Number of protein chains: 2
Amino acid sequence: MSNNQFKRGELYSVINGMASTAVARRLQKNFRLAGLEITIEQWSVLYHLWKQDGLSQQELCNRTFRDKPSITRLLDNLEKQKLVKRMPSKDDRRINLVCLTESAKLLQDKTIELANQTMDEALIGVGKNEIEIVKQVFQKVYDNLL
Amino acid sequence: MSNNQFKRGELYSVINGMASTAVARRLQKNFRLAGLEITIEQWSVLYHLWKQDGLSQQELCNRTFRDKPSITRLLDNLEKQKLVKRMPSKDDRRINLVCLTESAKLLQDKTIELANQTMDEALIGVGKNEIEIVKQVFQKVYDNLL
DNA sequence: GACATATAGTTAGTTATGCAACTATTTCAA
DNA sequence: TTGAAATAGTTGCATAACTAACTATATGTC
């Protein structure tokens, strides 16, 4: 049994360590090589805004799985780089709507292309079924811990 | 095709976002609830030292997939908490051998038990075959990006 | 033996994360 | 309608990550 226990411990490192880190580093490197000055965390926020512009900060928290302070500070940096702008909502004065600037819109195609290219590099030799299973397992894990 | 591209982008978020973060947070919470004052990053260093004590810092970098400054500072904090001690190597004066203290040895069983318990919570409803596939995919991803 | 190169580790600066405590606004119920 | 509770967002503090530049020691070649 203790052998089995160690295997679970190692699975923890698998889920949380090497592969995620490797993918993140490679994507960051590919951004840098392309002359793009954004972090992958900033990119993941932009990614959701490209799908739907004008989200509230809370909605960005939900979609990126981050807490509120993290989003506050990511947006501070994105605003410094003039990639987003906080617009106070007229309906509810507690809410900021986060809107893309023109220069952020220009980044969309290039960076998504780089992300796809990075995932292609990462997934060489991995079948579609296996990818589907990984997605399902991760969804279950997330739901289990909600 | 552009539909397919977006799916790859989403796979990126899957691998790098929700599940890993959720597992990490839960394990940290379980440590805290058990009155343990270590971070999961510190734990992951101890984990490799429990398997083999007296590793060099470089070897810890390789095994934990971290860079050298990260290990330097993790060890600084672990030394402050009197969980490890850097011992200069006699063979090669550039090298520090990182050794566990007695109190670090006492943490092993308890924390590995908590990690296993956390993985059990996370993996409810996930079959053994699926877990095996996730491990294989992650290994391939890591090898692809090496 | 001497000098270029490689390796081990540290330091400094920027970004990001988690938690806790805080302000401001809205909602809802007595 | 007033006052408690919920919600949106910010700030402060600690830890951790990456890059780049640095020191010290070891290696290997002329």
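Convention: sequence-line order gives letters A, B, ...; per-chain numbering from 1. Everything quoted here is computed from the prediction, not taken from an experiment.
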Under 3.5 Å, is there a donor-acceptor pair between the side chain of A:N30 and the main chain of A:L114? no
Among D:dA16, C:dA8, C:dC19, which nucleotide has an atom closest to any side-chain atom of B:R25? C:dC19
Take atom CZ of A:F65 and atom P of C:dG18, then tell me their distance rounded to the nearest Å. 13 Å
Expected output is a numbered-order residue list: members of residues 90-102 of chain A with a heavy atom under 4.0 Å from any atom of DNA chain D. What is it? A:R94, A:I95, A:N96
D:dT15, OP1 or OP2 - any side-chain N/O from B:Q28 closer than 4.0 Å? no
Distance below 4.0 Å between A:T39 side-chain N/O and C:dA16 OP1 or OP2: yes
Taking atom NZ as the centre, does B:K105 end up with more than 12 heavy-atom neighbours from other residues, nucleotides or ligands that are less than 6.0 angstrom away? yes
Hey, is the side chain of B:R86 poking within less than 4.0 Å of OP1 or OP2 on C:dG9, counting only N and O atoms? no
Answer yes or no: does a side-chain N or O of A:Q42 lie under 4.0 Å from OP1 or OP2 of C:dA16? yes
Using atom CG of A:L55 as one end and atom C1' of D:dG9 as the other, report the distance to the nearest whole Å. 16 Å
Identify, residue by residue, the members of residues 66-74 of chain A with a heavy atom below 4.0 Å from DNA chain C, and return them in order of residue number, or none. A:R66, A:D67, A:P69, A:S70, A:R73, A:L74
Is the closest side-chain heavy-atom distance between A:L78 and A:L46 below 4.5 Å? yes
Let me confirm one number: the CH2-OG1 distance from A:W43 to A:T111, rounded to the nearest 0.5 Å. 6.5 Å
Could you state the CG-C1' distance from B:L78 to C:dT10, rounded to the nearest angstrom? 17 Å
If you take all heavy atoms of A:I38 and A:Q81, which pair is closest and at what distance? CG2-NE2, 4.2 Å
What is the bend of the helix from C:dG1-D:dC30 to C:dA30-D:dT1 when you compare the axis at one end with the axis at the other, using five pairs each and rounding to 10°? 10°
Both B:D76 and A:E41 contact DNA chain C. Which one's nearest nucleotide lies toward the 5' end? B:D76
Tell me, with the steps shown, if B:R86 and B:D76 meet salt bridge (Lys or Arg N to Asp or Glu O under 4.0 Å). CA-CA 9 Å; B:R86 286 169 168 102; B:D76 289 346; 3.0 Å; yes
Take atom NZ of B:K29 and atom P of C:dG18, then tell me their distance rounded to the nearest Å. 14 Å
If you count every heavy atom of other residues, nucleotides or ligands that lies below 6.0 Å from A:K110 atom NZ, does the total exceed 12? no
Are B:Q52 and B:E59 linked by a side-chain donor-acceptor pair shorter than 3.5 Å? no
Separation of A:Q58 atom CD from C:dT25 atom P, in whole Å? 18 Å
Within this structure, what is the CD-CZ distance for the pair A:Q117 and A:R26, rounded to the nearest 0.5 Å? 10.0 Å
For A:A104, does its backbone N or O pair with a side-chain atom of A:W50 as donor and acceptor, under 3.5 Å? yes
Just the rounded figure in Å: distance from P of C:dC19 to CD1 of B:I40. 10 Å
Verify whether one side chain among B:D143 and B:Q139 offers a donor that lies under 3.5 Å from an acceptor in the other. yes
